[in-house]
Protein chains: 2
Amino acid sequence: MKEPLPKFSYLSPMLSKKTKYGLKALAHLASQKDNRPVQIAEIAKHENISQKFLESILLSLRKTGFLGSKKGKGGGYYLIKDPKEILMTDVMRILEGPIAMVPCVSLNFYEKCDDCPDENTCSVNKLMLKVRDANLAVYRNNTLADLII
Amino acid sequence: MKEPLPKFSYLSPMLSKKTKYGLKALAHLASQKDNRPVQIAEIAKHENISQKFLESILLSLRKTGFLGSKKGKGGGYYLIKDPKEILMTDVMRILEGPIAMVPCVSLNFYEKCDDCPDENTCSVNKLMLKVRDANLAVYRNNTLADLII
DNA sequence: TGTTTACTCTATTAAATTGATAGGATAATT
DNA sequence: AATTATCCTATCAATTTAATAGAGTAAACA
């Protein structure tokens, strides 16, 4: 007895909204002619993002050295580095977390899997190592500049 | 003011336990000399998996045509196809769901992102398309046979 | 024929995470 | 001093995950 493919509703997509919003905001800032500060409200409106949620995302991008901010009138957020110098590996690690799908194959956040006795004979480890390498290759070969048309 | 890299505890790894357990169980079955039925309890014990949880995973793999089952004494689960014929794309789609990280770049589960006005100018779409292709390449080029030592 | 074995199915649960919101504090500009 | 806009803390509902319980069903075997 076979069943049809299960219907995934994508109610919980694998890419978090945080990352999605963060990427869109960065791309928005990178699209500015000069590097003028852009207000949260403007980004939120233009990119269809909850303003309060976006606030916390931009804040974390500022604290990790991607963005600068200016308070008061005419204030807002702006890119600190050239978009061509902003690697997706760094952005993704800040916004989404580890790139590896299991801790035991993570470069920056390695942890032993608590349930796995031996990584060398683990089939999951073997597959996820290849997946990690494939993803890393993409993120390393793409900068913020590559995301804007 | 900069912050150190956030510490991801990997409390919620991106690969679900369901997929992890499912892969391990499939690999366990593929490692059997003959294709004899293996009891749930044996797999669970050998692979450090909650037996009841594993039950439901194996059931879904049976209903989707990967496994056969035999009841009663000497019963258990067994592979229906040759491990070399079992593509990781198919396994991952059953266990984990869509391979794409956003619905708007999914081959098998396409959906328009509700918050995005135009996919053609979406920076997230652009990046996630590349990620999907990279992941697909890995999953297409690996079979269950490739997971066992 | 009856007992044992082992898969099948439904339902429930605690814990964690996500995404969103509210409200006020702070700092810079005018 | 007043306005603007970032900064920070706390809270919230909804969802998902992982695990467990318990009863039902079918096959093998003595």
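Residue numbers begin at 1 in each chain, while the letters A, B, ... track the order of the sequences.
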Open item on the list: Mind checking if A:Leu58 touches a base, just sugar-phosphate, or nothing, with heavy atoms under 4.0 Å?
Closed with: nothing

- [ ] Round to a whole Å and report the spacing from CD of A:Gln39 to C1' of D:dC7.
- [x] 15 Å

Open item on the list: Is it the case that D:dG22 (base atoms only) and B:Lys52 (side chain only) share a donor and an acceptor within less than 3.5 Å, ignoring hydrogens and angles?
Closed with: yes

Task: Rounded distance in Å - OH (B:Tyr77) to C1' (C:dT5) - done: 14 Å

Open item on the list: With a 3.5 Å cut-off and heavy atoms only, can you find an N or O donor on one side and an acceptor on the other between the side chain of B:Glu55 and the base of C:dC7?
Closed with: no

Task: Counterpart residues, side-chain hydrogen bond (donor to acceptor under 3.5 Å, both in side chains), relative to B:Glu47 (two or more places apart) - done: B:His28

- [ ] Could you tell me whether the side chains of B:Glu85 and B:Thr143 share a donor-acceptor contact shorter than 3.5 Å?
- [x] no

Task: Pair A:Asp115 + B:Lys20, salt bridge at N-O below 4.0 Å - done: yes

Open item on the list: Under a 3.5 Å cutoff, is there a donor and acceptor pairing between the side chains of B:Glu111 and B:Ser106?
Closed with: no

Open item on the list: Just the rounded figure in Å: distance from C1' of D:dC8 to CD1 of A:Ile40.
Closed with: 12 Å

- [ ] Please confirm whether any donor atom in the side chain of A:Lys20 sits under 3.5 Å from an acceptor in the base of C:dG19, or the reverse.
- [x] no

Task: Phosphate OP1/OP2 of C:dT21 contacted by A:Ser50 side-chain N/O (<4.0 Å) - done: yes

Task: Rounded distance (Å) that lies between atom P of D:dT20 and atom CG of B:Leu59 - done: 18 Å

- [ ] Could you state the atom-to-atom distance from CZ of A:Arg62 to C1' of C:dT26 in whole Å?
- [x] 12 Å

Open item on the list: Between P on C:dA6 and NZ on B:Lys45, what's the gap in Å once rounded to a whole number?
Closed with: 13 Å

- [ ] Could I get the full list of side chain to side chain contact (heavy atoms under 4.5 Å, CB included) partners for A:Ser123, not counting sequence neighbours?
- [x] B:Lys24, B:Ala27, B:Leu147

Open item on the list: Nearest to the side chain of A:Ser69, heavy atoms from C-beta on, is which of D:dA18, D:dT6, C:dC7?
Closed with: D:dT6

Open item on the list: Just verifying a value: how many Å separate B:Lys81 NZ and B:Leu87 CG, rounded to the nearest 0.5 Å?
Closed with: 7.5 Å

Task: Of the listed nucleotides C:dC7, D:dA18, C:dA20, the one nearest the side chain of A:Phe53 - done: C:dA20

Task: Contact under 4.0 Å: A:Tyr21 side-chain N or O vs C:dA20 OP1/OP2 - done: yes

TODO: Give a yes or no on whether the backbone of B:Cys122 and the side-chain of B:Asn125 come within a donor-acceptor separation of less than 3.5 Å.
DONE: no

TODO: Give the rounded distance in Å between these two atoms: CD of B:Gln51 and P of D:dA21.
DONE: 12 Å

TODO: Could you tell me the separation between the CG atom of B:Asp115 and the P atom of C:dG19, rounded to a whole number of Å?
DONE: 11 Å

Open item on the list: From C-beta outward on A:Lys17, which listed nucleotide comes closest to its side chain: C:dC9, D:dT6, C:dG19?
Closed with: C:dG19

Output a table of nitrogen or oxygen pairs between the protein and nucleotides 25-30 of chain D separated by less than 3.5 Å.
residue	atom	partner	partner atom	Å
D:dA26	O4'	B:Lys71	NZ	3.1

Task: Test salt bridge (charged side-chain N to carboxylate O under 4.0 Å, His left out) applied to A:Glu55 and A:Lys18, step by step - done: CA-CA 11 Å; A:Glu55 276 188 30; A:Lys18 179 183 178 186; over 6 Å; no

Open item on the list: Between B:Ala41 and A:Thr19, which residue's closest nucleotide on DNA chain C lies nearer the 5′ terminus?
Closed with: B:Ala41

